[in-house]
Amino acid sequence: MQLELDQLWLDQTLSSAQMLIAGPCSAESEEQLLTAAHALKALQNIKFFRAGVWKPRTRPNCFEGIGVPALGWLQKVKQETNLKIIIEVATKYHVEQAFKHGIDALWIGARTTANPFAVEEIARAVEGTDIPVFIKNPINPDLSLWLGAIERFQIRGITKIMAIHRGFSTFATSKYRNDPMWKIPMELKRLHPELPIICDPSHIGGTRELIAPLSQKAYNLGFNGLMVESHPTPDTALSDAKQQVAPHVLASILSNLVSKTTVITNDKVKREIDHYRELIDDIDTQIIESLKDRQNIVVDIAALKRKNQMTTFQVQRLDELLQMRQEAGCALGLSKNLINEVFNAIHDNSVKFQTKLMN
Ligand code: PEP
Ligand code: MN
């Protein structure tokens with residue numbers, strides 16, 4: 001089902017090539033917020049100034065945010081800079097306080113999106129208003145939870161919605177703080193092309209160095225904007241110090257990003273792309289026909305196995321098959337991973353198909 005979104009608001013907010021939300025991880029002092037906001041105001045395309053007022057910390061005894069007094073500071077930021085303000089809300093009380101202090105937009109944090117009770121409470125609290133709500137992916141790699149949170153706001157009449165991709169928690173050690181698992185936001189995009197998605201490279205990367213490459217990757221994949229953490233003196237930040245950048249550093253990162261487009265305006269380029277797509281379509285047709293030929297042979301092999309009371313799955317055969325395909329693929333410069341994924345899927349399917357035939 002298509003989401004009902006406020007197209008006018010989306011067009012205005014996304015009017016620039018890539019929209020930007022920037023500001024510190026946490027509101028720490030009035031001075032910190034004003035310094036950050038005045039510097040960030042100069043950046044092109046900044047649509048919202050962000051700051052965490054209540055911080056969901058993984059472990060206790062960390063800085064948990066200033067709470068309500070920070071909302072007064074943010075009002076001052078808005079007065080002085082004219083920037084729109086966005087904060088994270090996780091409870092009905094947070095929403096009430098946000099409205100009371102003229103906050104312009106809300107975001108739902110990753111830990112909250114993972115909790116349908118909390119999402120429902122917030123969705124009910126914003127019902128009847130036209131506040132924009134930005135919904136981060138849940139902390140665990142579960143697209144349904146992300147979709148569920150978006151739907152809960154839709155059901156309560158919210159039409160100004162965007163998704164934020166901030167990566168997923170895993171136990172595995174990796175160079176990322178939160179694994180991007182790009183396939184998940186891309187699947188969200190496939191299911192809801194009408195819903196803009198922005199990328200939060202700060203929480204995916206967890207370090208300053210990863211902000212630029214992650215942002216470029218997001219641009220390449222057609223994301224609609226970025227949410228980046230920026231602090232006047234990142235090293236002294238009370239939360240997420242390693243991943244925050246000073247406003248002038250953010251400005252330099254942004255100026256080096258190359259914007260990409262999904263819309264082709266140049267006729268010559270369009271013809272070339274169409275030509276390549278036709279070639280790819282032909283090859284995919286050949287692949288499908290080959291899969292059908294393969295399946296016909298599987299029917300014969302299943303009959304033979306059945307006659308001779310053999311099992312459908314023989315692990316040794318799978319090992320040999322993967323080994324041979326990997327060698328053939330690598331010799332042609334294909335990645336081992338691609339060959340493994342493709343042939344595991346083909347073999348898996350073949351075993352299932354044979355099992356069905358044998359019953
Ligand atoms: C944040 O944006 O500061 C934050 C806490 O994000 P997340 O919910 O993505 O961890
Ligand atoms: Mn943070």
Side-chain angles (χ1 to χ4, degrees), residues 19-28 32-33 36 40 46-60 62-67 70-71 74 85-91 94-95 98 103 105-116 118-119 122 132-142 145-146 149-150 153 162-170 176-181 184-185 188 197-208 210-211 214-215 218 223 225-247 250:
M19 71 90 91
L20 182 65
I21 300 177
C25 176
S26 305
E28 298 170 5
Q32 170 236 16
L33 291 180
L40 289 169
I46 176 152
K47 290 290 155 81
F48 292 95
F49 177 76
R50 64 150 282 159
V53 169
W54 298 275
K55 297 303 300 173
R57 304 314 297 273
T58 305
R59 310 283 294 266
C62 297
F63 174 65
E64 291 190 325
I66 299 285
L71 293 170
L74 286 167
I85 311 290
I86 181 167
I87 64 163
E88 174 174 353
V89 289
T91 66
H94 295 166
V95 175
I103 296 298
L106 309 173
W107 90 77
I108 309 301
R111 292 156 191 82
T112 307
T113 305
N115 177 354
V119 174
I122 300 164
V133 181
F134 289 71
I135 303 165
K136 287 200 174 196
N137 62 260
I139 201 144
N140 49 326
D142 184 339
L145 269 176
W146 201 0
I150 294 163
F153 284 98
M162 289 196 204
I164 304 180
H165 172 228
R166 50 79 76 202
F168 302 89
S169 219
T170 57
Y176 301 111
R177 177 176 175 198
N178 291 292
D179 196 313
M181 302 186 193
I184 298 179
L188 177 63
I197 310 184
I198 66 168
C199 177
D200 173 347
S202 311
H203 287 89
I204 295 177
T207 59
R208 286 166 207 160
L210 287 172
I211 293 176
L214 284 165
S215 303
F223 277 67
L226 302 172
M227 178 193 248
V228 188
E229 288 189 335
S230 177
H231 189 290
T233 51
D235 287 331
T236 66
L238 298 180
S239 59
D240 290 351
K242 282 200 212 127
Q243 69 191 36
Q244 302 205 59
V245 283
L250 178 57

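Start at 1 and go down the list; that is how both ligands and their atoms are numbered. All residue numbers refer to positions in the sequence shown, counting from 1.
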Contact check: [X] vs ligand 1, nitrogen or oxygen atoms, below 3.5 angstrom:
| X | answer |
| --- | --- |
| Asp200 | no |
| Asp240 | no |
| Ala110 | yes |
| Glu88 | no |

Donor-acceptor pair, distance only, cut-off 3.5 Å: does the side chain of [X] make one with the backbone of [Y]?
| X | Y | answer |
| --- | --- | --- |
| Asn140 | Asp142 | no |
| Asp179 | Phe168 | no |
| Gln244 | Ala237 | no |
| Ser230 | Val245 | yes |
| Lys55 | Cys62 | no |

Against ligand 1, does Cys25 come closer than 4.0 Å with any heavy atom?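 Contact present.
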Identify, for [atom], the protein heavy atom at the shortest distance, and state residue, atom and that distance.
| atom | result |
| --- | --- |
| atom 4 (C) of ligand 1 | His203 NE2, 3.5 Å |
| atom 9 (O) of ligand 1 | Arg166 NE, 2.6 Å |
| atom 6 (O) of ligand 1 | Lys136 NZ, 2.9 Å |

Any atoms of ligand 1 less than 4.0 Å from a non-hydrogen atom of [X]? List them with their elements.
| X | value |
| --- | --- |
| Trp107 | 1 (C), 2 (O) |
| Lys55 | 1 (C), 3 (O), 5 (C) |
| Arg111 | 7 (P), 8 (O), 10 (O) |
| Gly109 | 8 (O) |

Using the ring of each side chain (for Trp, its six-membered ring), is Phe223 parallel, tilted or perpendicular to His165, with breaks at 30° and 60°?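 Geometry flag for His165 against Phe223: tilted rings.
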Is Met227 touching ligand 1 with its side chain, its backbone, both, or neither, if touching means heavy atoms under 4.0 Å apart? neither
So which of the N, O or S atoms of Asp240 lies nearest the Mn ion (ligand 2)? OD2
Of all N, O or S atoms in Glu229, which has the smallest distance to the Mn ion (ligand 2)?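 Relative to the Mn ion (ligand 2), the closest nitrogen, oxygen or sulfur of Glu229 carries the name OE2.
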Is Arg208 paired with Asp235 through a side-chain N to carboxylate O contact shorter than 4.0 Å?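 Yes.
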Could you tell me whether Glu229 and Arg50 make a salt bridge, using a distance below 4.0 angstrom between a side-chain N and a carboxylate O?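 Yes, charged N to carboxylate O under 4.0 Å.
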Run Ile184 and Trp146 through side chain to side chain contact (heavy atoms under 4.5 Å, CB included) and show every step you take. CA-CA 10 Å; Ile184 298 179; Trp146 201 0; 4.3 Å; yes
At the Mn ion (ligand 2), what angle lies between atom SG of Cys25 and atom NE2 of His203, rounded to 10 degrees?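 Here the angle at the metal atom is close to 170°, to 10°.
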Heavy-atom proximity to atom 2 (O) of ligand 1, best of Glu229, Gln243, Arg50, Arg57: Arg50
At their closest point, which heavy atom of Phe48 faces which heavy atom of Ala105, and how far apart are they?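 Looking at all heavy atoms of both residues, the closest pair is CE2-CB, 3.5 Å.
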Are a donor atom and an acceptor atom from the side chains of Asp240 and His203 found within less than 3.5 Å of each other? yes
